[in-house]
Amino acid sequence: MTEAASCRPPDSVLKTCGLSMVFGGLVALDRVDLTVERHSITALIGPNGAGKTTLFNCLTGIYPPTRGSITFESGDGRKISLKGLAPDRVTLLGLARTFQNIRLFSNLTVLENVLIGCHGRMRAGLLGALFRDKKTRAEEKAFIDFSYDLLVRYGLKASVNELAKNLAYGAQRRLEIVRALATGPKLLLLDEPAAGLNINETNELRELIETIRTSENLSILLIEHDMNLVMNVSHVIYVMDYGKLIAVGPPNEIRRNPAVIKAYLGEE
Amino acid sequence: MDFFLSLFMSGLTKGSIYALIALGYTMVYGIIALINFAHGEIYMIGAFTALIFSMLLGGPAVGMSGWTLLLTVAALSALYAAMYGWTMEKIAYQPLRGASRLAPLISAIGMSIFLQNYVQLVQTPNFLVFPDLIPQIDLPAAVAKAINRTHLVILIVTAVAMVALTVFIKFTRMGMAMRAVAQDPIMARLSGVKLDRVISVTFVIGSVLAALGGLLIGCSMRQIDFYIGFLAGMKAFTAAVLGGIGSIPGAVIGALILGFAESFAAGYISSSYKDMVAFIILIIILTLKPGGIFGTSQTQKV
Amino acid sequence: MATFWICFLAFPLVVFKINANTRSLDTRWDRLYILAGSVFVLTFIWRFLLKRRSFDRLTKVVNEPHGSAPKPTWLTRLAKSRQRGRLLAVVLLSMCVLPFLSNPYMVNIVTSALIYVTLGLGLNVVVGVSGLLNLGYVAFYAIGAYTYALLGYYFGLSFWVCLPLGAIFSTLLGLLLGLPIIRLSGDYLAIVTLSFGEITRLVLTNLDFTRGPRGISNIKPPSFFGLNLNGTPKQFLIETVGFHPDMDLNRVFIYFIILAVVVLTIICVYRLENSRLGRAWLALREDEIACQAMGINRTRAKLTAFALGSTWAGLAGVVFASQITFINPASFSFMESIMILSIVVLGGMDSIPGVIIGAAVLILLPEQLRFFSDYRMLIFGALMVVMMVFRPGGLIKSVREVYIHQASDSKPEPRPVVTALSTMEQGAEDD
Amino acid sequence: MGKLFSKFVLLLSLVLMAGPAAAQDTLKVGFGGAILGQLAAYGNSNLYGLEYAIGQINAKGGVLGQQVELVKEDDGCKPDSASSAATKLLSQGLKLVFGHTCSGATRSALSVYGNSVLMVASSATEVSLTEDGAHPYFFRTTPRDDFQVPTQVAYIRDKGFKKVAILHDKGDYGLALAELAKKDLEADPQGIEIVLFEGVTSGEVSYDDTVSLLAAKGAEVLVWGGYYSDASKLALQMRGKGLKTVIIGPDGLYNPSFIEMAQEASEGVLATGQMDLSKSEIAQAAIADHKTRHSEEIGPYFFYAAGAAQAVFAAVEKVGNTTDFEAIKKHLTEDTVETVMGPVRFDAKGDIIGVPFSLYEIQGGKFVELPNK
């Protein structure tokens, strides 16, 4: 896919134009143009080291990109360039993420993990905390209710007061996603959510992703190696190899695309 | 001009004294990420043992003297310091291996208080006279003026210790095991490294260096008391971190920088503010380079 | 076997006592035998305790693999018990009555213990809740004390004016210290805070304005609306309550002030921790990257943690100055920071009852050990090691807040039991 | 395990709570000072002096027919622990307290004792302790700082030194001396220039840098404010660098260990110190008695402490009780008591009268008393 002449941002949630990331000599990302349509599930696949997680880190502000732009349609429809924003600013604009290796707050309870997710949307400050006026108490209760309902809706009701580190692996993956949801995102970035899950846990995950897209009306950008999950859940698939985009298209087209097969399976 | 030179020499001496102790801190920290507060006390115990043996052997009964006395006393005090280090590790730190990182810190502090009072009660709280065991070496006049023989010996010993340690870490099997444990204790253990043995060896080496430090500094200061471990320990510890905790050359460079900073501050500003300048330099360096000079700045992999 | 090892180890130092005036060694074999005997017994106890400990840890894992926090000890259960409110009321009441029944020494010691409780709770905000290892905490304590001393000495300000001022100054200093440490983590942070503490002490020592090592003397105790406390009120109390005659009423008044400060600190620290800001700190401690991904501004969280941690040290400093009426830089040494840190870690990280118990143990113990006079600190050091070895998680393991959810009207009434964190068994940073 | 350990902690604290129940038939006297910690050497030398005096008195039937019992409380020379040590002594109903080794600790203890305890210090030399008259029942058998400094300054003026350096160990004892010397020299310069006035960190590993500074400033004489341990390091390194500057120190320097440590470097060093008290035969007897019990030196304040105890016991014997401080004070200020440190009488403010400082010079490894002008 050649680089589009000019990088007009059609009405998509996220648009990167000519996004490049260079670490010293290594070109981790080479002029990547990525578009995530509203309410779509877009997948990003490619062999290990193709630069998928680096792309995620550029999007979420952990690494400032060397070249190119990132435009994001925030909650109220404004188009904002994410370039140079700190990770916490990016999250507050409505772009939440999960991590490749689970980064839960292991010594806090499940409910508290989700409550921390709501941090961006709460207003209580220092004085509110100290004097616990009615407004702060109301906000606390509202967000505890909100988090509790979120946990019930996504099947974590039983372990509300459990310590995050004591949950089963699948449940921890699920909690990380729910926690990301709590930040009220418009676009959810999932970094290999299915890694290490068994068959029925992956199916549960597929249902979860589909229900999230509809009930929380948000779009999803997914990095994943589990091909059958990717093939039957995503609308558009981007394939990356050595930092470059080598194919874009719907699942069935990508399945047959020679460049993709070569990248994955090597020469026939 | 010679004012600058004399400041330079005094900085060099002070730096090498801190280096000897700092090496102990860095090694222990590098392996099990523990700030061993009781290390200063090992240095003090080394000095006390050296004094006792020098009296025992140097006295009329045995009548050793000169280099033989110095070396035997050094060997014996190093042996005892190593035993103290080993025992301390077994009692205060080994049971806490799994616990959170702060638990061994507090037990190290407890151990330091214990050892300080142990020596004070068993021996004496007063200052004790420490004979200069280093025999007369006739130095060329120029050298003699700039630096007295004790400090010269200290410089040489520090240099030798640093080189020996770097060689040991780089080229011996145990050295490699230490580096493995420093990187990732669990993985090292899985690949057959006997964790407890490596840690004990680290403590022993650290203690031997501290004992040498105790002996040499005792000779240069001509006096010791149970409290010398605390101040020197804190300065050496700051030096170890300045150079990048965990790296051998870092400890020595950090110590030298601290030594020079103190000397020049005392010379050019005023010795009342000497310590303060040293600490301010430390803060500046650490804010600019969060991992210390040679340290691996711990960027967290996402 | 261990006994021989210990005897061989202690052999040179114990047997040969350096006789300073005759420049010789007098041998004391008798002490070696005492040592051998006592060590022999001690090693058995040590072996027995260690075996019990590892055995105990095994049973814990066996019988509740999926249990929530490890089975809490009776101390934690006590703190977690339902009638927590009543328990607190009883403790508070007994503390109020204490000065009327006991002698001046007890009041003085409990006042110092309460000062260290405030310091411990303050440091707990920085170390226990936000995971920022602060080794220079004594600087804020000193600022509080010197604020009252200097303002009293130069401008004659009263205790009541200086109390808030002390807190404000140390909060500002906390912010100031926060700036360089934003990019630092772990032990490098500890070193910068350590040097900060030392610099503060050296500034106090060298500045003429702070009268250097001469210190500042006759700091006025707090006045009770200008009443001369030791006059008529004291006689009145002696008749009615059988007050201890030597008791200086000013000290009792200071006792009540620090008691009020402690209660205030507990309420504020508890509320802070259970607020949005508190959760940001907890997130900061658990995982900085994830915390930022939750939209929490890392820098602001660290600065507020440092600032709010140091406020309480300022308060404690002002009360300390009024208690001992003479301060010089020597009483704000690095050892004090270490003592406060030990209180937090030994008591139980991020657990308010734990810190209180920790302060009580670490302050009252040396005083109780006065009975042993010379061996006081020796036993104290040994006890610290023993306590850490057997309670690495601190005396009271911190247990997370439990939200009981009323199924019916889906109104989860957050009935906090006790803020808690089960210790990070597998070491702090594992990413 | 948790259960066993917690029971153990509970048991331990119960046992400790009991504490000692002291018998009532002895006359209890308190000692507050540094038994542990960095300045323990000075605290202990006070203590040994007291023990010697009490041993003597008890041998002769004690005071008012009761055997004297000494209650020791350690304060490590720190103001905050001094306040708790003092409160502990107060709450045991003690009326007579000797000590608090350091000036800072003494001040903090005085604020606890107020007027309900009569206190005699034997090592706290800070001027303001008695000067401000705030404590009527506070006496001391050690002369104040402002007694020994004039002797030092007189010597400097007499020898015609022009460049004077003043160093102190940043401790309350050392700094007070240094400042008095500075004030005295600046008041009447007579061409004397203070080339250096600084504090060094006590217990430093080496003082080379300060010594180089001294050399650069060309100081002819160094006035040292502080104790003998740092002074010996300074002397060693100064002589090591071939610096001929004369060193003058306070009574903190007048200590035999200084000669042992500095050895050849101690030659020619001057120190103001107490009158040579060890000459009289009662003093020799005291030293001999001390040696039987302790292997250490008697320390600088041994005689002062012993003298303090003997003076107070004599006064109490005359007054007949230990509570009437006014009467005790009258005796202490009016009649002279023959003690192991010579005649002891106090002035109205509580300072000892007639114990001048004399100047010593180390010649051939011994302190030699110079005939003071």
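Computed from a predicted structure; not experimentally measured. Just so it is clear: chains get the letters A, B, ... in the order the sequence lines come, proteins before strands, and each one is counted from 1.
Top candidate by heavy-atom pairs under 4.5 Å with chain C, chosen from A:Ser159, A:Gly117, A:Pro87, A:Gly61, is A:Pro87. Considering only heavy-atom pairs separated by less than 4.5 Å from chain C, the leading option among A:Glu176, A:Met122, A:Arg121 is A:Met122. In terms of non-hydrogen atom pairs under 4.5 Å with chain C, the most contact-rich of A:Thr98, A:Thr91, A:Val90 is A:Thr91. Interface summary for chain A: among C:Leu308, C:Ile296, C:Asn297, the most heavy-atom pairs under 4.5 angstrom belong to C:Ile296.
Distance check: A:Leu126 CG to C:Leu272 CG gives 6.5 Å after rounding to the nearest 0.5 Å. Separation of atoms CZ (A:Arg123) and CZ (C:Arg276) is listed at 6.0 Å; rounding is to 0.5 Å. Here C:Arg300 contributes atom CZ and A:Asp88 contributes atom CG; the two are 8.0 Å apart, rounded to the nearest 0.5 Å. Between atom CE of residue C:Met294 and atom CG of residue A:Asn113 there is a gap of 8.5 Å, rounded to the nearest 0.5 Å.
In A:Leu26, the CG atom is crowded: over 12 heavy atoms of neighbouring residues, nucleotides or ligands sit closer than 6.0 Å. Enclosure of atom CZ in C:Arg271 by more than 12 non-hydrogen atoms of other residues, nucleotides or ligands within 6.0 angstrom is indicated.
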If you apply the rule side chain to side chain contact (heavy atoms under 4.5 Å, CB included), what do you find for A:Leu108 with C:Arg285, and how did you get there? CA-CA 11 Å; A:Leu108 304 182; C:Arg285 177 193 66 199; 3.9 Å; yes
Run the side chain to side chain contact (heavy atoms under 4.5 Å, CB included) test on C:Glu286 and A:Asn107 for me, step by step, so that the C-alpha distance in whole Å, both residues' side-chain angles and the decisive distance to 0.1 Å come before the verdict. CA-CA 7 Å; C:Glu286 291 297 318; A:Asn107 291 298; 3.3 Å; yes
Can you list the steps and then say if A:His119 with C:Arg279 is a side chain to side chain contact (heavy atoms under 4.5 Å, CB included)? CA-CA 8 Å; A:His119 184 274; C:Arg279 279 193 295 277; 5.8 Å; no
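Listed here is the closest heavy atom pair of C:Ala290 and A:Arg103: CB-O, 3.5 Å. For the pair A:Phe99 and C:Ile289, the tightest heavy-atom approach, listed with the atom from each and the gap, is CE2-CG2, 3.8 Å.
A donor-acceptor pair is defined here as one N or O able to donate and one able to accept, closer than 3.5 Å; no such pair exists between the side chain of A:Glu140 and the backbone of C:Ser275.
Proximity to chain C (any heavy atom under 4.5 Å) is restricted, for A:Thr183, to the side chain, taken from C-beta onward.
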